[in-house]
Amino acid sequence: MSLLERAERNIDAVAWQGEIPIQNRYTVGLAGERFLRELKESGRLLGSRCPECDYVYVPPTLYCERCFEKLDDWIEVGPEGTVVSFTIVTQALDGTPLADPDILALIRLDWADSLLVHRLGKVSLDELEIGLWVKPVLKPKNRREGSILDIQYFAPAYHEE
Amino acid sequence: MSREVAIIGVGYTGFRALTPDVSYKELMYEAAVKAYDDAGVDPRSDIESFVTVAEDFTEGTSIFDEYVPDQLGAVLKPVHTIAGDGLHGFIAAYMQILTGALDIVAVEAHSKASNILTPQHIMAYAMDPVFNRPLGANPHFIAGLEMNLFLSETGTTREQCARVVAKNRRHALYNPCAAFGATIEPEDVLASDTVAWPLARLDISPHADGAIVVVLASKQRAEELCDLPVWVTGAGWCNDSFSLENRDWSSAVYAAKAGEMAYRMAGIRSPWQELDFAEVDDTFSYKELQHMEALRLCRPGEAGVLVEEGVTELGGDFPINTSGGSLGMGNLLDASGLARLLEVILQLRGEAGQRQIPDVTTGMAFGWRGLPTTSGAAVILSNGYEEV
Ligand SMILES: [Zn+2]
């Protein structure tokens, strides 16, 4: 044994507790800003297209991660899309139980290739399935602040308003 | 073949859900003393360089890499810490010897997960701050999304995933250093609380504490120092796009590419036939199956059937995770990949005790860096014995 002595009683095992406040600011970047401004001002969803790879990035990026070309072809995508996968989350971020489950989904917006990660709402567990057709439900324009949360959630597209 | 490299010593301590009796430095010290004793080397005079694998947020210390030399016997020596899975660190140490500049190098990774009071917050803080983190969701949602897609696309069932848990927990019963050995039925897994449907609580490997140190040496030094060198015959690693938007959700392509790189180096064309066994990341139950398929240990969609038929259990044709895997030994954070490697080393030395697989010559370890990453590494080892 490499350690000759150890704490042998639980009450002898001393621990010190530490914490630090961590705060950061994240520049969203040129492409991110273009996406978030468009969402806030017009409620439209913007992607960037690589003509070489015929691939549309949403949220848009300034470069193609497949061929490494710079991108400058901005196209409107969605607003409807298809659920590629979903999950029903029953715990909050800190692990505590949620009163209402949180439904997260991968959504392929029409005309896009990448998958947007967002929340589903106004959907019953019965109709929840891969392939479900959904549309975004936005905050009213005066409450939008240029954030991904300007989309409140995606709801089944065939529901009446 | 470039310069040959062998493992000449291994030391480990743990693996337990709690280790209140020792600090992380003492865990590392204990594993290091055992590894150096096993290798018959003095760290102060014989080991030329040290690699450790750690992450500041899980250690709770900024610039954590500065905190590693003393407990490894590495003061005033070349030391560097990398971020990744333990196998990434192992490959970094391997490459140092491949350069020809160094002959004996040690690699270390550990987990003091029981000291992390807010692990889910740390995992959530690893997500894209602008597009993903504002959703404020429990980060296990990523595993839930991936598992649902995997089941739907391959026809694998939740029951088959639950069988992985039952198998690995049972294997852990035969591993004296595993923290979570148990006899449980697949039904127990299915009946456990949902976390991110279809992922349930028992589909998730619980955290454990422990440390692992491996000593590597060039062929010449290995043959001088060691009766039972275990040879590194292949290594590969790969990262898919990290973004949730652009990664390949359908298959663990990072595992497929890491595997192909390692197979190419080892001259392996048909891994299922040419390897005797494997240790494959099982941070979540479905991950073992998804990684098996990506690593070509079976055909696509076949992994669930193989676990059902008992092919991958101890005594089966192709045992997987005889150590108990992360589900049975515990999720060791950055040390998880080294835990997979540790079992391959013990099996190839014939030191796996009750869970020893007879007549093994070649095995593979595959590690995944865990949520929310798409980063994996594969290492193939051989004891140099001829196939019987
Ligand atoms: Zn391109």
Side-chain angles (χ1 to χ4, degrees), chain A residues 1-3 5-10 12-15 17-20 22 24-29 32 35-36 55 57-59 61 65-66 84-98 101-106 112-119 125 129-131 147-149, chain B residues 11 13 18-23 26 29-34 37 57 60-62 115 117-121 123-125 127-150 152-153 193-199 241 243-247 249-250:
Chain A
M1 189 53 76
S2 53
L3 296 176
E5 289 170 47
R6 289 166 173 267
E8 288 176 356
R9 298 187 307 164
N10 259 334
D12 294 334
V14 178
Q17 194 150 328
E19 58 181 284
I20 54 165
I22 294 181
N24 295 101
R25 190 178 159 77
Y26 299 96
T27 305
V28 302
F35 176 83
L36 294 173
Y55 187 98
Y57 292 90
V58 182
T61 57
E65 64 175 48
R66 282 160 180 74
V84 170
S85 188
F86 66 89
T87 181
I88 306 162
V89 183
T90 56
Q91 294 184 352
L93 198 157
D94 62 5
T96 53
L98 284 170
D102 199 7
I103 304 172
L104 278 295
L106 294 174
D113 291 289
S114 37
L115 303 173
L116 196 71
V117 179
H118 220 293
R119 194 161 264 130
L125 293 183
E129 61 178 2
I130 289 175
S147 143
I148 192 69
L149 298 181
Chain B
T13 187
L18 301 171
T19 50
D21 52 338
V22 279
S23 70
E26 290 156 352
Y29 173 71
E30 191 166 322
V33 168
K34 290 176 176 178
D37 182 62
F57 274 77
T61 300
S62 313
N115 272 359
L117 302 183
T118 55
Q120 320 241 36
H121 284 277
M123 216 192 287
Y125 214 62
M127 287 193 283
D128 182 280
V130 178
F131 293 111
N132 304 147
R133 219 191 286 162
L135 295 170
N138 182 299
H140 279 114
F141 85 83
I142 298 167
L145 289 172
E146 190 181 52
M147 183 176 180
N148 193 12
L149 193 62
F150 175 72
S152 145
E153 287 190 338
D193 307 334
T194 301
V195 174
W197 184 92
L199 190 78
S241 180
S243 81
L244 297 181
E245 289 78 13
N246 296 302
R247 63 175 57 181
W249 284 87
S250 285

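Small disclaimer: the values here were computed from a predicted structure and weren't measured. In what follows, chains are A, B, ... by sequence order, proteins preceding strands, each numbered from 1.
A:Q91 touches chain B through backbone and side chain together, each having a heavy atom under 4.5 Å away. Looking at B:A124, the atoms closer than 4.5 Å to chain A (heavy atoms on both sides) all sit in the side chain, from C-beta outward. Contact annotation for A:L106: both backbone and side-chain heavy atoms come within less than 4.5 Å of a heavy atom of chain B. Proximity to chain B (any heavy atom under 4.5 Å) is restricted, for A:L36, to the side chain, taken from C-beta onward. Only the side chain of B:L117 comes within less than 4.5 Å of a heavy atom of chain A; its backbone N, CA, C and O stay farther away. Using a 4.5 Å cut-off between heavy atoms, A:D102 touches chain B through its side chain atoms alone. Residue contact with chain A, scored on non-hydrogen atoms closer than 4.5 Å, involves the backbone and the side chain of B:V130 alike. Heavy-atom distances place the backbone of A:V58, and not its side chain, under 4.5 Å from chain B. Only the side chain of B:F57 comes within less than 4.5 Å of a heavy atom of chain A; its backbone N, CA, C and O stay farther away. Proximity to chain B (any heavy atom under 4.5 Å) is shown, for A:L104, by both the backbone and the side chain. With a 4.5 Å cut-off on non-hydrogen atoms, B:N148 touches chain A through its backbone and its side chain both. The contact between A:Q17 and chain B is made entirely by side chain atoms (from C-beta outward), counting heavy-atom distances below 4.5 Å. Heavy-atom distances place the side chain of A:N10, and not its backbone, under 4.5 Å from chain B. Neither the backbone nor the side chain of A:A112 comes within contact range of chain B; no heavy atom of the residue lies under 4.5 Å from a heavy atom of that chain. Both the backbone and the side chain of B:T194 come within contact range of chain A, each with at least one heavy atom under 4.5 Å from a heavy atom of that chain.
The local environment of OH in B:Y29 is sparse, with at most 12 non-hydrogen atoms from other residues, nucleotides or ligands closer than 6.0 Å.
With chain B as the partner, the residue from A:A13, A:S85, A:P101 showing the most heavy-atom pairs under 4.5 Å is A:S85. For chain B, the option among A:V117, A:L116, A:I88, A:I22 with the highest count of heavy-atom pairs below 4.5 Å is A:I88. Taking chain A as the reference chain and counting heavy-atom pairs below 4.5 Å, the highest number among B:S23, B:P119, B:A196 is found for B:A196.
Minimum interatomic distance between B:L145 and A:A105 (heavy atoms only, all atoms of both residues): CD2-CA, 3.9 Å. A:L115 and B:W249 make their closest contact through CD1-CD1, 3.6 Å (heavy atoms, listed as atom of the first residue, atom of the second, distance). Across every non-hydrogen atom of B:N138 and A:A92, the tightest pair is ND2-O, 2.9 Å. The minimum heavy-atom distance between B:F141 and A:T87, with the atom names listed, is O-CG2, 3.5 Å. Taking both residues in full, the closest heavy atoms of B:P129 and A:Y26 are given as CG-CD2, 3.4 Å, listed atom of the first, atom of the second, then distance. Smallest separation of non-hydrogen atoms from A:R66 and B:N246: NH2-O, 3.8 Å.
When atom types are taken as modelled, the side chain of A:S114 and the backbone of B:E245 share no donor-acceptor pair closer than 3.5 angstrom.
The CG atom of B:N132 sits 10.0 Å away from atom NE2 of A:H118, with the distance rounded to the nearest 0.5 Å.
Inter-residue side-chain proximity for B:L135 and A:L149 is flagged as met; some heavy-atom pair is nearer than 4.5 Å. The side-chain heavy atoms of A:T90 and B:D193, taken from C-beta on, include no pair separated by under 4.5 Å. Side chains of A:D94 and B:H121 form a contact here, defined as non-hydrogen atoms less than 4.5 Å apart.
Screening residues 129-142 of chain B for salt bridge (Lys or Arg N to Asp or Glu O under 4.0 Å), with sequence neighbours left out, gives no hits.
In this structure, A:F86 and B:W197 have parallel ring planes: the angle between them is below the 30° cut-off, well short of the 60° mark.
In terms of the salt bridge (Lys or Arg N to Asp or Glu O under 4.0 Å) criterion, B:D128 has no residue partners (sequence neighbours excluded).
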